[in-house]
Colleague: 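Pasting a structure here, questions to come.
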Amino acid sequence: MARIPLLMGNWKMYKTVAEARAFAEALGQQSAALGDDVEYAICGPFTTLHVLRVMLPTQVKLGAQNVHPEKEGAYTGEIAPGMLAEFGTKYVLAGHSERRMLFGESDQLVNQKVRAILEAGMTAVLCVGENSSQKQDGITKEVVTGQVRHGLEGLTAEQVAGVVIAYEPVWAIGSGKTATPDDAQYVAKEIRAIIAEKHGADTASQVRILYGGSVKPDNIASFVAEDDIDGALVGGASLDPTSFVAMAEAVRGVVR
Ligand code: PGA
């Protein structure tokens with residue numbers, strides 16, 4: 001089965017409701033550029049999700065950046081999976097490096113989140129990636145495949161097939177530096193190999209793997225052109241509707 005490319009924006013802690021509405025309106029005006037040969041999603045801050053659901057062009061799916069693994073409870077300030085699923089959230093990020101680093105999320109917690117996202121009927125986007133010292137030490141493959149193994153623990157092959165993995169080298173996020181397409185392809189292939197080892201080649205061939213880290217309109221095609229890279233997770237360059245459309249067109253150019 002062919003993997004449908006996925007262009008996913010991660011807005012992080014940017015955009016008010018008014019700004020999100022303006023983005024959605026602008027994207028709506030250019031929606032003819034978003035063909036159905038590619039899937040699109042925006043992971044907005046929680047407060048923007050409602051306006052995004054109402055205003056985004058139908059091709060663009062709703063994503064969230066975080067979730068708590070429990071169904072409900074006394075967890076002040078947290079959002080449960082069912083609350084996100086209720087109003088049509090399709091994708092939820094788990095284990096973004098900013099959450100791992102700044103909020104101390106462990107592999108175990110990330111795994112709990114992945115499971116909870118799936119149980120609520122949404123698609124988990126498991127984020128993995130090495131930091132600069134791990135890269136210097138030459139342990140990128142070990143770090144990344146370890147994060148993938150832990151993140152997918154306890155899942156059935158069928159569940160794994162539907163998960164999206166985002167490979168984002170930590171040193172490339174927001175830095176203007178990217179991995180080379182060759183290096184990103186190497187890691188993506190290793191990710192697919194570790195999934196194949198555990199869950200079989202057929203399952204591994206269905207998993208979509210995104211590259212992330214300083215992706216922009218002028219470099220996205222070089223990543224998506226790689227065999228094992230099925231799209232991109234984009235921070236800064238997803239905030240501007242014109243740039244989002246330019247990336248959509250670049251990805252569509254590779255697909256065609
Ligand atoms: P960036 O962020 O595109 O701004 O580097 C990517 C991400 O953190 O998902």
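In listed order, ligands and their atoms are each counted from 1. Just so it is clear, the structure is predicted and the values come from calculations on it, not from any experiment.
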Colleague: For ligand 1, which atoms, with element, lie under 4.0 Å from some heavy atom of G174?
Modeller: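 Near G174, meaning under 4.0 Å from one of its heavy atoms, ligand 1 has 1 (P), 4 (O), 5 (O).
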Colleague: Tell me whether the count of non-hydrogen atoms from other residues, nucleotides or ligands lying under 6.0 Å of CD1 in I4 goes above 12.
Modeller: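 Result for CD1/I4: open.
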Colleague: Are more than 12 heavy atoms from other residues, nucleotides or ligands located less than 6.0 Å from atom NZ of K189?
Modeller: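 No, NZ of K189 has 12 or fewer neighbouring heavy atoms, counting only those of other groups under 6.0 Å.
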Colleague: Counting non-hydrogen protein atoms only, what is the nearest one to atom 3 (O) of ligand 1? Give residue, atom name and distance.
Modeller: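 Scanning the protein heavy atoms, the shortest distance from atom 3 (O) of ligand 1 goes to G235 N, 2.8 Å.
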Colleague: Run the numbers for me: atoms of ligand 1, each under 4.0 Å from some heavy atom of H96, listed by number.
Modeller: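 Reading through ligand 1 atom by atom, the close ones are 7 (C), 8 (O), 9 (O).
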Colleague: Taking E105 first and then K113, would you say they form a salt bridge - that is, a charged N and a carboxylate O separated by under 4.0 Å?
Modeller: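 A salt bridge is present here (some side-chain N lies under 4.0 Å from a carboxylate O).
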Colleague: Side chain of T89, backbone of A85: donor and acceptor closer than 3.5 Å?
Modeller: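 It does not hold such a pair.
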Colleague: Would you say the side chains of Y167 and E130 form a donor-acceptor pair under 3.5 Å?
Modeller: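 A donor-acceptor contact under 3.5 Å links the two side chains.
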Colleague: Kindly check if the number of other-residue, nucleotide or ligand heavy atoms within 6.0 Å of CD (Q108) is above 12?
Modeller: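 Atom CD in Q108 is not packed in, count stays at 12 or less.
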Colleague: Relative to the heavy atoms of G213, which atoms of ligand 1 are at a distance of less than 4.0 Å?
Modeller: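 By the 4.0 Å cutoff, the relevant atoms are 5 (O).
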Colleague: Short list, please: which atoms of ligand 1 are under 4.0 Å from a heavy atom of E168?
Modeller: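 Matching atoms, with element in brackets: 6 (C), 7 (C), 8 (O), 9 (O).
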Colleague: At under 4.0 Å between heavy atoms, which part of N10 makes contact with ligand 1: side chain, backbone, both or neither?
Modeller: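 N10 to ligand 1: side-chain contact only, backbone stays beyond 4.0 Å.
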Colleague: Show which atoms of ligand 1 fall inside a sub-4.0 Å distance from at least one heavy-atom site of K12.
Modeller: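 In order of numbering, the contacting atoms are 2 (O), 7 (C), 8 (O).
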Colleague: Take atom NZ of K141 as the centre, draw a 6.0 Å sphere, and report whether it contains more than 12 heavy atoms from other residues, nucleotides or ligands.
Modeller: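 Not more than 12 within 6.0 Å, no.
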Colleague: Can you name the atoms of ligand 1, numbered from 1 with element, that are less than 4.0 Å from a heavy atom of L233?
Modeller: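 So the answer, numbered in order with elements, is 9 (O).
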Colleague: Do me a favour and list the nearest non-hydrogen protein atom to atom 4 (O) of ligand 1 with residue, atom name and distance?
Modeller: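 Checking every protein heavy atom, the shortest distance to atom 4 (O) of ligand 1 gives G236 N, 2.9 Å.
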